[in-house]
Each structure stands twice: as C-alpha cells, then as structure tokens.
Protein chains: 2
Amino acid sequence: MNISEVGKRSGLPPKTIRFYDDIGLIQPKRDTNGYRIFSESDLHRLAFLRRARALGFSVQECRQLLALYHDDTRASADVKALARTHLARIDQQLEELGQMRRTLADLIDSCAGDSRPDCPILRDLAR
Amino acid sequence: MNISEVGKRSGLPPKTIRFYDDIGLIQPKRDTNGYRIFSESDLHRLAFLRRARALGFSVQECRQLLALYHDDTRASADVKALARTHLARIDQQLEELGQMRRTLADLIDSCAGDSRPDCPILRDLAR
DNA sequence: CATGGCCCTTCCAGTTTGTGGAAGGTCAAG
DNA sequence: CTTGACCTTCCACAAACTGGAAGGGCCATG
C-alpha cells in the first residue's frame, strides 16, 4: 500500500502519516524507489492513532497507548490510569470553557448591539 | 513605569508584555537607555488584553476589540458580533469536548483496571 | 520515445501564544 | 569598584500539523 491509499483507509492525510513516521509512531518499509510501503499492521496502527487522537489523547499518550496495546503482559489498570488522567484534563478544560461561556454570554446579553457606542462588553474588559 | 512594575500591575509576565510589544498591541515609549517606559494608558491596554485573553479571545480578536474600544464612533453591534462569533466557537469546543468526555468516561467505566491485560479501551481504539 | 499528469520524496517555513535561556548593557547600593 | 537585580535583543522550543517548493518516479497516450 502506498501513502495515499493508506491515507484513505485510515482517514489520515498523507502529510500527517509522514509526520507520524518522522516522530517514530510508525516504521513503514521502503520500496527501492524510496516510496513508503504500508502493511496491514501499519494501517492498523494508523487507524488506532486516529481514534486515540480523536479522543483527545496527546501524541505522547498515543505512543504509550500503542506500547500498551502491543504489550501482551500489560495490566488494564495502566491503560485505565492513562485514560483517567486524560479525562481529568478534559474535565478541567470543560470547566474553564464553561466559565468563559457563562461570563461571555452574560456580557453579550447585557449589550444592546445597536449603532450606539456604549457597550458593557468593552466596559467590562476595560474595568 | 518599567516592565516588571507594569507586569505586576497588569498581571502579565514581562515576557508576554514584550511579545505584545513585538506584535504591535502596545507601543510603549523608550528611555534613552533603551528601556521601555509604560504610561498609565499602556497599563490599561495590558489589563484589557489580559481580561480579553482570559475570556478566550484570540490575539487578533483582542486587536480588534482594542481598536473598537478606542473608536468613539463604534457601534456596540460590532462588539457584540465579535463576541457572538467567539461564543459560537466556545460552544463548538464545548460540544466536541463533551462528546470526547462521554466516550472516554464510558470506556473507563467498562475497563476493569486490574492486573489482567484485557482492556476494552484498547479494544475500542483498535476496533 | 516524449510528454503529461499524478504520485512520491525531502526540506523549509508558518501556524498560535507565548516560555526559557544566553549574551550583554544598565543601574543603584554598599 | 563590585555585586545583584534589572533591562535589552535574539534564538530556540513547545504541539501537531499544514502548505508549498524542488526534484524524482511511474504509467499511459500520441
């Protein structure tokens, strides 16, 4: 499989696949002309990566997840711990974002939004 | 006022203030020795920036907000439109993050988290 | 066989919003 | 005069790609 084929099948753009190769997340073989050759196993890793990234895991965490995945002697507790740490980070982001949203929505509600210059949003920022 | 003083008063680190100077968000005067000299007005702009950034506005949006703030003929509708666009972005992020959270929490719940290798989290990623 | 068009490669730069550090000038106190 | 705390600029790095340029490969058609 060449890179555009595996891109279609994994749902990742070729640029991203090259990037993952650069940082060692995959090690596809090379053809005599220098083209990358992807095995089913490479494709599998890439699809795994796409899903882990979609869940918001960092690339470093994806590296760890892949390592755990390929370790038959892993403890599921280790995977769960990784996921819990990530969940805590998501919860923190949700809280911060929610606070922003509340403040911003209040300010928007209090602004007339007409042609006059008076604006509670700017007044609050300049407070 | 020198940079560390205005840093304390605005709540921004000197490095960040220099950065805002570099990108033209502020234009402090310079002393004969090359040191930046900050006026009350510079301080005010920096505090404004800190609060706008804390609400999640991008640096570009902060630039526009500052321009609106200093424009006596602005329409509050323009400020409100900027804020609404930003709010929509926050809502989108909240939704994406909420979806991630749900999926991740479900996976975590389904994982025994013991010393055995079997793990629904990895199974889902490898699906 | 040459040409076109699409694929592949590497390398460099840019994105965003700063942060860390090095090298060197300045200033006030002792 | 020295010491320590400032200040300056400049370069590099962070995350996770994305865009583009320059150059080579491969296949099919004329």
Side-chain angles (χ1 to χ4, degrees), chain A residues 1-38 42-43 45-46 48-66 85-86 89-90 92-93 96-97 100, chain B residues 1-38 42 45-66 85-86 89-90 92-93 96-97 100:
Chain A
M1 245 180 300
N2 64 15
I3 201 166
S4 64
E5 169 78 9
V6 85
K8 272 169 213 148
R9 289 228 250 158
S10 68
L12 291 171
K15 278 277 188 188
T16 299
I17 297 173
R18 289 193 194 98
F19 172 66
Y20 287 168
D21 188 4
D22 285 348
I23 63 176
L25 286 176
I26 49 169
Q27 284 106 21
K29 291 213 170 64
R30 296 291 183 137
D31 206 340
T32 50
N33 58 14
Y35 288 18
R36 289 173 184 81
I37 306 172
F38 297 85
D42 290 324
L43 172 58
R45 280 177 79 89
L46 287 169
F48 183 104
L49 283 166
R50 191 181 62 73
R51 282 188 285 262
R53 292 286 300 127
L55 281 181
F57 286 102
S58 73
V59 164
Q60 276 313 313
E61 286 165 337
C62 289
R63 206 185 288 275
Q64 294 179 261
L65 286 168
L66 274 174
T85 300
H86 178 40
R89 200 173 45 222
I90 286 180
Q92 194 191 335
Q93 283 180 48
E96 287 167 10
L97 223 44
M100 272 186 202
Chain B
M1 245 181 299
N2 64 14
I3 200 166
S4 64
E5 169 78 9
V6 85
K8 273 168 215 150
R9 290 227 252 158
S10 67
L12 291 170
K15 278 276 189 188
T16 300
I17 297 172
R18 288 193 195 99
F19 173 67
Y20 287 167
D21 189 5
D22 285 348
I23 63 176
L25 287 176
I26 49 168
Q27 283 107 22
K29 292 212 169 65
R30 295 292 183 135
D31 206 339
T32 50
N33 59 14
Y35 288 18
R36 290 173 184 81
I37 306 173
F38 296 86
D42 290 324
R45 279 176 82 88
L46 287 169
F48 183 104
L49 283 167
R50 191 180 61 75
R51 281 187 287 262
R53 293 286 299 127
L55 281 181
F57 287 103
S58 74
V59 164
Q60 277 312 314
E61 286 164 336
C62 289
R63 207 186 288 277
Q64 292 178 261
L65 286 169
L66 273 174
T85 300
H86 178 41
R89 200 174 44 223
I90 285 179
Q92 195 190 333
Q93 284 179 47
E96 288 168 9
L97 223 45
M100 272 185 202

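Atom set for the values below is all heavy atoms of this structure, side chains included, hydrogens, waters and symmetry mates excluded. First the proteins, then the strands, lettered A, B, ... as listed; each starts at 1.
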### Task
First locate atom CZ of A:R50, then atom CZ of A:R53, and finally report the distance between them rounded to the nearest 0.5 Å.
12.0 Å
Starting at atom [atom1] of [X], determine the distance to atom [atom2] of [N], rounded to an integer number of angstrom.
{"X": "A:Q93", "N": "D:dA15", "atom1": "CD", "atom2": "C1'", "value": "13 Å"}
{"X": "A:D21", "N": "D:dC17", "atom1": "CG", "atom2": "C1'", "value": "15 Å"}
{"X": "A:D22", "N": "C:dC11", "atom1": "CG", "atom2": "C1'", "value": "10 Å"}
{"X": "B:I3", "N": "C:dT26", "atom1": "CD1", "atom2": "P", "value": "17 Å"}
{"X": "B:I17", "N": "D:dC6", "atom1": "CD1", "atom2": "P", "value": "14 Å"}
{"X": "A:R89", "N": "D:dA15", "atom1": "CZ", "atom2": "P", "value": "12 Å"}
{"X": "B:E5", "N": "D:dC7", "atom1": "CD", "atom2": "C1'", "value": "15 Å"}
{"X": "A:R36", "N": "C:dC8", "atom1": "CZ", "atom2": "P", "value": "10 Å"}

### Message
For a side-chain contact (heavy atoms from CB on, under 4.5 Å) check, start with the C-alpha distance between A:M100 and B:Q93, then their side-chain angles and the critical distance, and finish with the verdict.
### Response
CA-CA 12 Å; A:M100 272 186 202; B:Q93 284 179 47; over 6 Å; no
Please give me the minimum heavy-atom distance between [X] and [Y], naming the atom from each residue.
{"X": "A:I17", "Y": "A:G7", "value": "CD1-CA, 3.6 Å"}
{"X": "A:L49", "Y": "A:Y20", "value": "CD1-CD1, 3.8 Å"}
{"X": "B:L66", "Y": "B:L25", "value": "CD1-O, 4.1 Å"}
{"X": "A:S4", "Y": "A:P14", "value": "CA-CG, 4.4 Å"}
{"X": "A:L12", "Y": "A:L46", "value": "CD1-O, 3.6 Å"}
{"X": "A:F38", "Y": "A:I26", "value": "CE2-CD1, 3.9 Å"}

Quick test: give all pairs of protein nitrogen or oxygen and nucleotides 3-6 of chain C nitrogen or oxygen below 3.5 Å, distance rounded to 0.1 Å.
none

### Message
Would A:Q27 and A:D42 count as a side-chain contact (heavy atoms from CB on, under 4.5 Å) here? Give the steps.
### Response
CA-CA 8 Å; A:Q27 284 106 21; A:D42 290 324; 5.9 Å; no
### Query
Is the phosphate of D:dT8, meaning OP1 or OP2, less than 4.0 Å from a side-chain N or O of B:R18?
yes
### Summary
In B/S/- notation (B base, S sugar-phosphate only, - none; protein heavy atoms under 4.0 Å), nucleotides 17-23 of chain C written 5' to 3' is BBSBB--
### Query
Would A:E96 and A:Q92 count as having a side-chain donor-acceptor pair, cut-off 3.5 Å?
yes
Using a cut-off of under 3.5 Å, enumerate the N/O to N/O pairs linking the protein to nucleotides 24-28 of chain D.
| unit_1 | atom_1 | unit_2 | atom_2 | d |
| --- | --- | --- | --- | --- |
| D:dG24 | N2 | A:Y35 | OH | 3.1 |
| D:dG25 | O4' | A:Y35 | OH | 3.4 |
| D:dC26 | OP1 | A:N33 | ND2 | 3.1 |

